[in-house]
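This structure is a prediction, so every number in the text was calculated from the model and none was measured. Hydrogens, waters and symmetry mates play no part in the numbers below; they use all other heavy atoms, side chains included. So you know, we letter chains A, B, ... as the sequences are listed, proteins then strands, and number each from 1.
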Amino acid sequence: MNGGPGPTTGSEAPLLRLDGFEGPLDLLLELARAQKLDLARISILQLVEQYLGVVEAMRTVRLELAADWLVMAAWLAWLKSRLLLPDDAVAAEEGGDAADLLQARLEELARIRRAADWLRERPQLGRDVFARGAEQSLREIDRSGLALDVGQLLGAYLAVCRRGAGRRVYRPRPSGYWTMQEALERLRRLLGGQAADWCALERFLPELARTAASAPRQRRAALAGTLLAGLELARDGSLELRQDHAFGPVLLRPRTDAMQAPAPLSQVAE
Amino acid sequence: MTEAELAQASRLVEALVFAAAEPVPARAIAELLRMQRPSGDEALPDEVAAAVVERVRQSCEGRGVIMVAVAGGWRFQTAPDLAPLLTTVLPRPRRLPRAALEVLAIVAYHQPCTRAEIEAIRGVSLGQPTLDLLLETALIVPRGRKEVPGRPTLWGTGAAFLRQFGLRELGQLPRREELLQELPEPPAAVPDG
Amino acid sequence: MTEAELAQASRLVEALVFAAAEPVPARAIAELLRMQRPSGDEALPDEVAAAVVERVRQSCEGRGVIMVAVAGGWRFQTAPDLAPLLTTVLPRPRRLPRAALEVLAIVAYHQPCTRAEIEAIRGVSLGQPTLDLLLETALIVPRGRKEVPGRPTLWGTGAAFLRQFGLRELGQLPRREELLQELPEPPAAVPDG
C-alpha cells in the first residue's frame, strides 16, 4: 500500500488531522482533489489505496477509530479486490458499478461544497446588507366593530328564559290579581280629574280586566277590589256611592265640599 | 471633504440610519464618519457631520421616505401625506360579554323596560359596566321614563341595534312565541296596568 | 400617467416598500397603485406599475440604501459595499457554520429531501445543533412527509432562505452542471468555465 499522502501535501502530520474531516467521504474527496482537480479523471483505485493507507496508519497510532471509518475501509477493500482481480465478468461489472457510485458520490459532495461556498459569498442579509432596522407598522387595529349576530342574540335570550323558567319552580307565582291597594290608587287618580258626575263602577276597572279576553276570575277580583276601594274612599268622605236597585249598577262620583254629608254607608251597601 | 467624500459619507449615513433599530444620535453619526476617514484619528469637526446629515435629509425631501429628527436622533419614516394611503385598517371586532348579550336580548324582546325588569328576568343584578357598554355602543338607548315611583328609565334598542344585526325593523326578529313555545311567561310580562 | 402622477406614484411605492417588513410582491404594488387612482376601477396595466417600480429602483441607484428584487418581491437594503463600515456599528448575527451551509446547499438542490438523504450526501450524520440553527432561522422548513416506512419529514428551503441570500427565486442558484466548473461570480455573472 502507498503511504497515505496527507490531504494537504507538505503538512507535517497529516494523520493527526483525520479528526478534522467530516467523515470518510470528506477525506476521500480531499484525497481525490490532491490527485486531480477534475474529479471525472481521478483514479478510483489509487484513491482507494490512499484511503486504506490513511486508515491503516491511523490504526497503528490509535486503537480506536470511529465505526464509519472502518465500514468505509471494508467497503473500499472489497472494491479494490473487485477492481484488481475480478473473478469473472460479473465481479468486474460489480466493481465498475461500485467505482462509478463512489465517483458520483464524490462529485455530488464536491458540488454541494461549491454551492455552499457560493452561498457563503453572497451578500447576506444581516451580515453584508441590512434591511430596515426599525419597525414601522402601517396596520391599524379597529376595535370599534362588534362580533355580534342574530344567532348569538337569540341564543342569549333563550338561555335567559330557560334559566328563568327553571328558577321559577321554587318561587310563588305572582297572582296578577288586582289588589285593593292598586284599586285605591287608581280610583284616587281617576277621580281627581273627573267632573262630579255619577259613573259606573265598571268604568274604573283596570284596562286589562275590562277586555273580554281577560280571565273571569281576574275580572271578578278587579271588580271586588274596586268596590272595596270605593267603600273605603266613601268612608273617608272623598266620594259618594249609590246603587238604585238590587243588582243594579253601582255608581260613584267624587265628593266636593259644596255637597252634603254622604249617604249612610249601610243604605248604600245594601 | 471633497465632493466625492461628501457623497460617500452621505451614503454611509443614509445606510446607517436606515438599518439602525433606534433613531441614530448625531454623535453616533459623527463617530462613524470619523472611523471611515483614512486617518481615523483625524478630527472631523461636528459641523462636517451635521452638513452630511443635512445633505441626506435634503436628498430625501419630496420623496416617499424622509429623514426626520425625533427624540434621540435621526430616523427614516414614510412621508406623512402618504400614511392614509398605506395604512391598512384591520377590523378586529370585539365580542360582547355574555351578560351584555343577555341584557341586550331582554331589551330587544321586552322594550321598553326598566333596569329592574331586566334584572327580574335575568335573576341577577345588572352591573353598571354592562349597561355602560351597551350604551356606549348605542345598542340600547333611553326611551323615556316609567310613571311609577322613582320614575326609572325605560330602555329600548337603538338604530345601532338594527344596523348591527342588519335588520330593517325589529319585526324581523323571530317572535317570542316562535322561540319559546314551551316556556312560561317570564315575570316581566306580568301586566301592570 | 402624467409626469406628476408618475412622481406621486413613485413616492407611494417607495413608501410602501420601505414600510413593509417583508419584500413587497409586484402584485401588491400594482394593487396599491390601482386603489390610489381617482377611478379605482380603471384598469392600470401591470406595465405601468412595473415602470413605476423601475423608476424608484433607478432613483435609489448609487445611494446608501437601494431597492432590490428578492424573494418574490421588492425590498430596500443597504448597499453591499458599505458592509465593512456598517458592521462596525450594527450588531451582526453569528455566521452560518460550514456544516449548516452545506446542509442548506443540499436542501436547496435536492428539496424536498429527508434527513437520511442529507446525511447520505455528506457522508456524516446531521448534528442536532445544525438542524436547530437552520430551523430557528427558518432557512429550512418542513414540506410534508415522504411516503416510505417511518414517514420521515421532507425539508425544503423557506422564504427566509431567499431573503437571507438576496435571491429572487431558487432559479437564481447556479445550475448543478455549473457547480463543478468555475463558479459564476455571485450574483449572476456569466459562467466562464
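Using a 4.5 Å cut-off between heavy atoms, C:Leu82 does not touch chain A at all. Heavy atoms closer than 4.5 Å to chain A are found nowhere in C:Ala100, neither backbone nor side chain.
At least one side-chain heavy atom of C:Arg95 sits under 4.5 Å from a side-chain heavy atom of A:Arg120.
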Side-chain donor/acceptor pairs under 3.5 Å, residues 60-77 of chain C, sequence neighbours excluded:
from, atom 1, to, atom 2, distance (Å)
C:Glu61, OE2, C:Arg57, NH1, 3.1
C:Arg63, NE, B:Glu14, OE2, 2.8
C:Arg63, NH2, B:Glu14, OE2, 2.5
C:Arg63, NH2, B:Ser59, OG, 3.0
C:Arg75, NE, C:Gln77, OE1, 3.0
C:Arg75, NH1, C:Arg163, O, 3.2
C:Arg75, NH2, C:Gln77, OE1, 2.8
C:Arg75, NH2, C:Arg163, O, 3.2

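The distance from the CD atom of C:Glu178 to the CZ atom of A:Arg114 is 11.0 Å, given to the nearest 0.5 Å. Between A:Trp118 atom CH2 and C:Leu179 atom CG the span is 9.5 Å, to the nearest 0.5 Å.
Here the closest heavy-atom approach between residue C:Val124 and residue A:Glu22 is recorded as CG1-O, 2.8 Å. Nearest heavy atoms, C:Ala105 versus A:Ala115: CB-CB, 3.8 Å.
Look at C:Arg176 and A:Glu108 and you find a salt bridge, because one of the NZ, NE, NH1 or NH2 atoms lies within 4.0 Å of a carboxylate O, short of that distance.
Using modelled atom types, one side-chain atom of A:Arg122 and one backbone atom of C:Phe165 make a donor-acceptor pair closer than 3.5 Å.
Heavy-atom neighbours of chain C within the stretch residues 92-106 of chain A, taken at a separation under 4.5 angstrom, comprise A:Arg105.
Enclosure of atom CZ in C:Arg145 by more than 12 non-hydrogen atoms of other residues, nucleotides or ligands within 6.0 angstrom is indicated.
The candidate with the highest count of non-hydrogen atom pairs below 4.5 Å against chain C, out of A:Leu119, A:Leu109, A:Leu25, is A:Leu119.
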